[in-house]
Amino acid sequence: MALTYIEAIHTAQRELLEESADVFIYGQDVGAFGGAFKATEGLAEAFPGRVIDAPISEDAMAGMVIGAAVEGARPILEMQFADFSSVAFNQIVNQAATHYYRTGVQVPITVRLPSGGTPGSGPFHSQTMESIYAHYPGLIVVTPATVADAYGMLKEAVMMDDPVMYCEHKFLYRWLRADELKKNSLPIGQARIVRPGKDATVVTYSAMVHEAVKAAEMLKEDGWEIEVVDLRSVKPIDIDTIMASISRTGRLLALGEGFPWGGVTAEVVSLVVAEGFHLLDAAPMRLNSKDTPVPYHPDLWAAHRPTPESISVSLKHLLRL
Amino acid sequence: MALTYIEAIHTAQRELLEESADVFIYGQDVGAFGGAFKATEGLAEAFPGRVIDAPISEDAMAGMVIGAAVEGARPILEMQFADFSSVAFNQIVNQAATHYYRTGVQVPITVRLPSGGTPGSGPFHSQTMESIYAHYPGLIVVTPATVADAYGMLKEAVMMDDPVMYCEHKFLYRWLRADELKKNSLPIGQARIVRPGKDATVVTYSAMVHEAVKAAEMLKEDGWEIEVVDLRSVKPIDIDTIMASISRTGRLLALGEGFPWGGVTAEVVSLVVAEGFHLLDAAPMRLNSKDTPVPYHPDLWAAHRPTPESISVSLKHLLRL
Amino acid sequence: MADEKVSPDALAKIHHGFRAMILSRTLENKLSSLYKAGKIVGGVYLGKGQEAISASLGTVLIKGKDVYAPLIRDQAGRTAFGEDLLDVTRTYLGKVTGPMKGRDGNVHRGRPKEGMPAMISHLGASLSYIAGMLFARRLRGELNDAIGAATFGDGATSTGAFHEGLNLAAVENLPIIVLVVNNSFAYSTPNDRQFSCDNLISRAEGYGVTGHEVDGTDFLACMDVMTQAAESARAGNGPQLIVANALRLCGHGEHDDAKYIPAELRAQSRDCIEVAESQMQENGFLSSEEIANIKQESKVQVTEAVAIAQREPTPDPRKDDWQALGMKNTIL
Amino acid sequence: MADEKVSPDALAKIHHGFRAMILSRTLENKLSSLYKAGKIVGGVYLGKGQEAISASLGTVLIKGKDVYAPLIRDQAGRTAFGEDLLDVTRTYLGKVTGPMKGRDGNVHRGRPKEGMPAMISHLGASLSYIAGMLFARRLRGELNDAIGAATFGDGATSTGAFHEGLNLAAVENLPIIVLVVNNSFAYSTPNDRQFSCDNLISRAEGYGVTGHEVDGTDFLACMDVMTQAAESARAGNGPQLIVANALRLCGHGEHDDAKYIPAELRAQSRDCIEVAESQMQENGFLSSEEIANIKQESKVQVTEAVAIAQREPTPDPRKDDWQALGMKNTIL
Ligand SMILES: Cc1ncc(C[n+]2csc(CCOP(=O)(O)OP(=O)(O)O)c2C)c(N)n1
Ligand SMILES: Cc1ncc(C[n+]2csc(CCOP(=O)(O)OP(=O)(O)O)c2C)c(N)n1
Ligand SMILES: [Mg+2]
Ligand SMILES: [Mg+2]
């Protein structure tokens with residue numbers, strides 16, 4: 001019985017609630033209803049008083065879980081969509097992120113951010129916010145791309161003593177399946193080589209891992225071997241794994257679904273040129289979504305974000321330089 | 001009679017109020033009190049009903065000026081400190097920034113963000129937010145470094161039909177002086193070569209321009225000629241001026257006062273390697289503040305941000321590669 | 001009401017509001033079946049059960065003069081205010097001919113320059129925006145007796161944006177109708193997890209604004225309250241907080257079966273359309289034939305608007321200019 | 001009060017609160033002169049005129065059991081709650097020995113693990129945080145009759161954070177005292193630009209919480225109200241909104257001469273310290289000699305705390321670990 005990505009999140013949460021009395025889940029409609037994406041289905045019943053419907057108050061929801069974490073709880077805060085965390089932005093970046101540095105007291109919260117585009121979601125139900133949160137000192141930002149990581153990284157995140165922004169990708173919720181939930185193969189902070197290659201490296205994360213693999217398959221037909229690195233966490237970034245790959249391939253495409261200015265891909269390019277300029281055989285490239293809000297119509301949306309086609313165009317460009 | 005940076009902002013606002021009946025200023029304590037930094041002193045009296053004290057409601061303040069702009073006004077929104085714009089984040093990035101793309105109607109607001117560190121200001125009165133806002137499509141982000149730019153760019157910003165985040169640096173408010181206010185020497189969107197050189201290029205903006213110039217002076221004693229480029233606007237970034245400089249020097253240090261993950265310096269490095277990888281004689285470098293909240297004690301603060309000393313260390317590193 | 005003399009103007013408004021209700025229900029039924037047939041791009045969010053509230057607000061507002069920020073359940077209000085049916089069908093069907101050109105969809109449509117902003121999803125955010133529109137006009141001396149209105153749900157009252165916006169509007173004494181539709185649920189969340197006062201109308205005093213409460217299933221009562229509130233706002237009495245109560249007669253969106261709404265509650269509640277139909281007949285405002293005609297006309301209009309939109313093109317990514325800024329100078 | 005019999009326990013609390021007021025005023029006068037002498041790192045924000053309110057709240061809270069989020073004008077409350085004087089002087093003087101180690105300063109100090117969070121500057125943000133502390137304890141079955149408290153100004157009531165926090169606390173029925181000190185100004189901004197209700201206490205009903213109002217210059221009245229509110233919260237009656245009125249007798253910070261406060265208003269207002277002194281004597285709670293002794297002791301304590309802190313080291317940037325995360329594993 002194969003598990004989907006969202007079922008992996010569900011399972012992780014169930015186990016966390018079972019394993020630690022300090023865990024609770026707070027979020028809009030997460031109780032009896034089981035959450036907008038059913039990530040908490042049945043959990044309110046199974047764990048009375050620990051899976052709780054919140055009022056529509058993202059700022060206070062975040063402040064609340066921060067205070068609870070200071071008192072020893074390990075709250076999971078579900079945002080209904082990552083986009084609505086803009087309302088909790090102040091509590092996250094100014095209260096949670098600064099807490100340890102200022103007071104020496106850690107804040108073990110996990111904020112679940114249903115992220116990323118799906119066709120027909122539009123500008124306010126499609127955003128990826130990892131680049132915003134990663135900019136701030138004091139936050140760990142993870143971006144699981146696989147069912148096993150969705151499971152393993154959530155379990156690890158909640159048991160971490162520092163605040164974790166857990167960016168789960170809505171596009172992966174239901175089509176991505178795995179036969180078993182490998183327990184924590186890699187810790188948060190380590191990247192994974194998803195697909196080995198020797199001609200170029202694509203460094204990416206979250207849903208774009210799968211698009212990169214598709215592009216790599218397309219290029220394989222022409223004899224190119226593309227290595228794909230899944231960052232897994234965008235803060236911290238595992239520069240060692242990236243550099244090991246670059247030293248083999250000499251070429252980098254940093255790929256992301258976010259807006260193009262700054263963000264994960266710019267950070268990756270900057271780290272790589274700082275650490276291994278002499279290893280590069282070509283100018284490192286970035287590919288992101290376009291510099292507009294995420295459009296609503298599926299055709300516009302598909303043209304807005306990187307696709308296997310546009311990724312392979314970028315890769316061809318990179319390979320011919 | 002030399003004018004300071006804050007006086008230039010004051011003058012620009014006075015002239016704007018004089019020149020256009022559509023301009024008004026909204027912000028906490030901007031009325032009779034003249035603003036926390038006296039940027040609006042006397043203006044409420046001179047322009048009755050157009051320089052208005054706001055309640056402590058950054059979200060609603062931002063929403064209000066957006067609606068006003070849609071109706072043809074050209075509001076200036078003063079945040080008391082850039083740090084408090086975190087509360088207006090949602091209205092800025094989701095309402096203002098998406099407005100033109102979604103509806104075809106432009107939103108000519110200018111948000112004044114008193115930004116950056118000064119000794120003893122601490123984590124919540126020292127932040128620079130340009131990298132956060134520049135990440136979002138639909139916003140122009142300017143960072144004046146000189147008295148003339150403080151004046152000219154504010155005047156230009158308010159007359160622009162798209163939303164402008166105007167990041168003014170508090171550290172420059174009172175010590176930076178100029179004899180005259182050159183009218184708009186360069187338009188927003190163009191960078192300026194502050195100091196010519198041939199050995200390396202420092203690309204920076206806002207208060208760090210002056211620290212970079214100091215570092216360049218220090219290195220001059222050893223015979224090095226460092227070119228300093230003032231970005232002036234961090235979105236858009238004037239890549240042409242940067243590349244012209246890099247083609248002369250072959251070396252890049254991207255310098256900023258913000259947090260080190262992502263942001264302006266990563267964007268600059270990524271643009272430069274994409275456009276002119278072959279022009280570079282050494283790995284491009286970044287120098288930012290440290291990856292912690294901005295500390296309060298002046299000694300910690302001075303060590304947290306780049307200084308002429310740490311900039312020249314970076315430059316020496318860059319020159320010897 | 002039956003005994004009072006209704007002025008010709010009031011009667012015209014009642015007719016207008018009633019027609020909007022019927023048209024809205026007809027349209028929404030159609031949208032629901034298009035959704036089920038997989039013809040809609042994205043989600044569908046309906047206002048069934050809230051038409052009386054919404055239409056009566058849309059009716060007392062004057063297009064070309066007033067400004068109105070509808071929310072997700074305001075098809076009736078939009079129609080009453082004068083939104084083109086084609087704007088609706090084009091947007092739901094993701095056509096490039098619609099006001100959002102396929103860049104945004106469903107309830108996120110609007111025409112800000114025609115007094116109807118296009119909502120962002122973040123609840124509460126429209127209140128300060130509408131306040132700003134009125135503020136700018138007053139500053140310019142062009143407000144006259146124009147007013148604004150914005151709709152929220154019970155759930156939206158928990159947002160900081162709602163609080164800040166209403167408080168700011170009160171401080172600035174702006175002529176805004178702030179309509180809170182308490183439909184007992186925010187998505188699946190019941191009122192007792194949303195606020196703990198007995199009645200949201202008790203918040204009016206704390207903001208220093210006039211409060212009105214109304215049974216949202218009673219169309220004529222809604223017309224009365226909206227008329228009063230609009231008059232009061234036009235007369236310079238500042239924000240008017242209206243709390244209107246009516247159960248939502250559909251899911252949160254059409255993907256949602258709303259099984260969290262207890263059966264008893266459903267059983268107790270009445271459908272404002274049925275109430276309005278009886279009211280029209282009992283008061284002699286419309287005969288049953290006239291009502292049947294209105295329904296028939298609505299069907300024709302809806303069918304036509306769907307048919308027109310269906311023939312039109314969807315956006316072509318190669319033709320979109322992908323510009324988030326309006327300025328197109330050399331560097332920007 | 002004079003006629004009522006005061007229990008020994010109540011008397012001890014009154015003494016405790018009064019001492020805190022005097023110590024706070026003495027300390028703040030000292031901080032003000034240190035500021036003027038250029039000895040302080042950063043700004044100085046004082047609570048002069050608000051000591052009765054603040055101290056009485058700090059007095060009814062129990063350190064080691066309750067949680068308390070003071071704001072910028074709560075030196076008296078902090079002292080009454082049991083904050084070490086050295087925490088104050090070390091923080092203001094930017095010493096590495098203080099609780100913030102020089103990383104944060106002045107009023108932003110706290111010891112979250114001892115029940116007193118270190119405020120961030122963003123107004124309103126502490127309310128949900130305190131709610132969360134209590135929520136976690138209740139979840140674990142360890143709340144018992146502990147309570148929380150958080151202070152806000154009239155200006156902070158306009159924040160979305162305050163609204164969301166208070167509403168959430170009410171929905172969760174958490175035992176929190178939400179103290180709003182209305183000192184008529186937010187920085188320079190008068191009440192009429194901050195809200196338009198007649199009295200902020202009228203907001204209690206809208207949140208479904210108990211409201212209390214008190215003259216903040218009347219120390220014994222403050223003690224009464226705080227005692228009642230604390231008892232009610234401990235008894236499970238949910239949030240207690242207290243509005244206490246008293247003019248601020250200093251600038252917003254020591255850099256501000258507060259000339260925006262009209263002279264008449266200043267003239268009308270009384271100093272709660274003077275009121276408290278008479279109350280202590282009139283009720284026979286303390287003699288004038290005893291009061292003089294308390295003042296003398298306060299001076300000694302303050303002088304000593306300043307002197308100790310002054311000798312201590314400031315942070316050394318080379319020794320700071322510059323870590324924003326507590327985890328220090330290989331990769332993180
Ligand atoms: C700030 C914010 N948080 C969460 C959401 C997700 N969301 C959309 S509608 C909704 C429920 C709204 O309930 P209510 O305000 O009562 O309106 P109703 O749907 O009942 O008409 C939620 C939680 C949102 N749109 N905005
Ligand atoms: C969200 C936010 N906006 C602005 C500020 C800047 N600020 C600090 S104190 C203050 C005035 C506060 O007034 P009030 O709440 O009445 O407290 P008081 O100073 O009168 O005690 C302002 C505007 C802030 N700290 N937080
Ligand atoms: Mg509702
Ligand atoms: Mg105040």
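Numbered from 1 within each chain, the chains take letters A, B, ... in sequence-line order. As the structure is a prediction and not an experimental result, all values here were calculated from the model.
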Quick one: of D/A324, D/P315, D/G42, who has the most non-hydrogen atom pairs under 4.5 Å with chain B?
D/P315
Around atom CD of B/E45, are there more than 12 heavy atoms from other residues, nucleotides or ligands closer than 6.0 Å?
no
Who wins among B/D53, B/L300, B/V87, B/D291 for the most heavy-atom pairs under 4.5 Å with chain D?
B/L300
Relative to chain D, which segment of B/S86 carries a heavy atom at a distance below 4.5 Å: side chain, backbone, both, or neither?
side chain
Taking only heavy atoms into account, what residues of residues 251-267 of chain D are found under 4.5 Å from chain B?
D/D256, D/Y260
Ring pair (Phe, Tyr, Trp, His ring centres under 6.0 Å): which pairs involve residues 38-60 of chain B, sequence neighbours left out?
none
Measure the spacing between CZ of B/F33 and OG1 of D/T189 and express it to the nearest 0.5 Å.
9.0 Å
Under a 4.5 Å cutoff for heavy-atom pairs, which residue among B/V294, B/D83, B/T118, B/I52 has the most contacts with chain D?
B/D83
Near B/K170 NZ, under 6.0 Å, is it more than 12 heavy atoms from other residues, nucleotides or ligands?
yes
Leading residue by heavy atom contact count with chain D [cutoff under 4.5 Å; candidates B/A60, B/G120, B/P295, B/P55]
B/P55
Under the side chain to side chain contact (heavy atoms under 4.5 Å, CB included) criterion, do B/I56 and D/Y187 qualify, and how do the steps go?
CA-CA 10 Å; B/I56 306 179; D/Y187 207 153; over 6 Å; no
Do any of residues 153-165 of chain D come closer than 4.5 Å to chain B, heavy atom to heavy atom, and if so which ones, in number order?
D/G155, D/A156, D/S158, D/T159
Within this structure, what is the OG-CZ distance for the pair B/S57 and D/F195, rounded to the nearest 0.5 Å?
12.0 Å
Using heavy atoms and a sub-4.5 Å threshold, report which of residues 91-99 of chain D line up against chain B, by residue number.
D/T91, D/Y92, D/G94
Between the side chain of B/D299 and the main-chain N/O of D/D316, is any donor-acceptor distance below 3.5 Å?
no
Output the option from D/Q194, D/R103, D/H122 having the highest count of non-hydrogen pairs under 4.5 Å with chain B.
D/H122
Within a strict 4.5 Å, meaning less than it, do heavy atoms of the B/F124 and D/D104 side chains meet?
yes
Would you call the rings of D/H108 and B/H125 parallel, tilted or perpendicular if under 30° counts as parallel and over 60° as perpendicular?
perpendicular
Identify which part of B/E58 has an atom lying under 4.5 Å from any heavy atom of chain D, answering side chain, backbone, both or neither.
neither
Which answer fits D/L123, side chain, backbone, both or neither, if we ask what part of it has an atom under 4.5 Å from a heavy atom of chain B?
side chain
Most heavy-atom pairs under 4.5 Å with chain D, out of B/A303, B/A36, B/P123, belong to B/P123
For B/S121, is it the side chain, the backbone, both, or neither that has a heavy atom closer than 4.5 Å to a heavy atom of chain D?
neither
More than 12 foreign heavy atoms under 6.0 Å from CG of D/D192: is that the case here?
yes
Exam field: side chain B/H297 to backbone D/K101, donor-acceptor pair closer than 3.5 Å
no
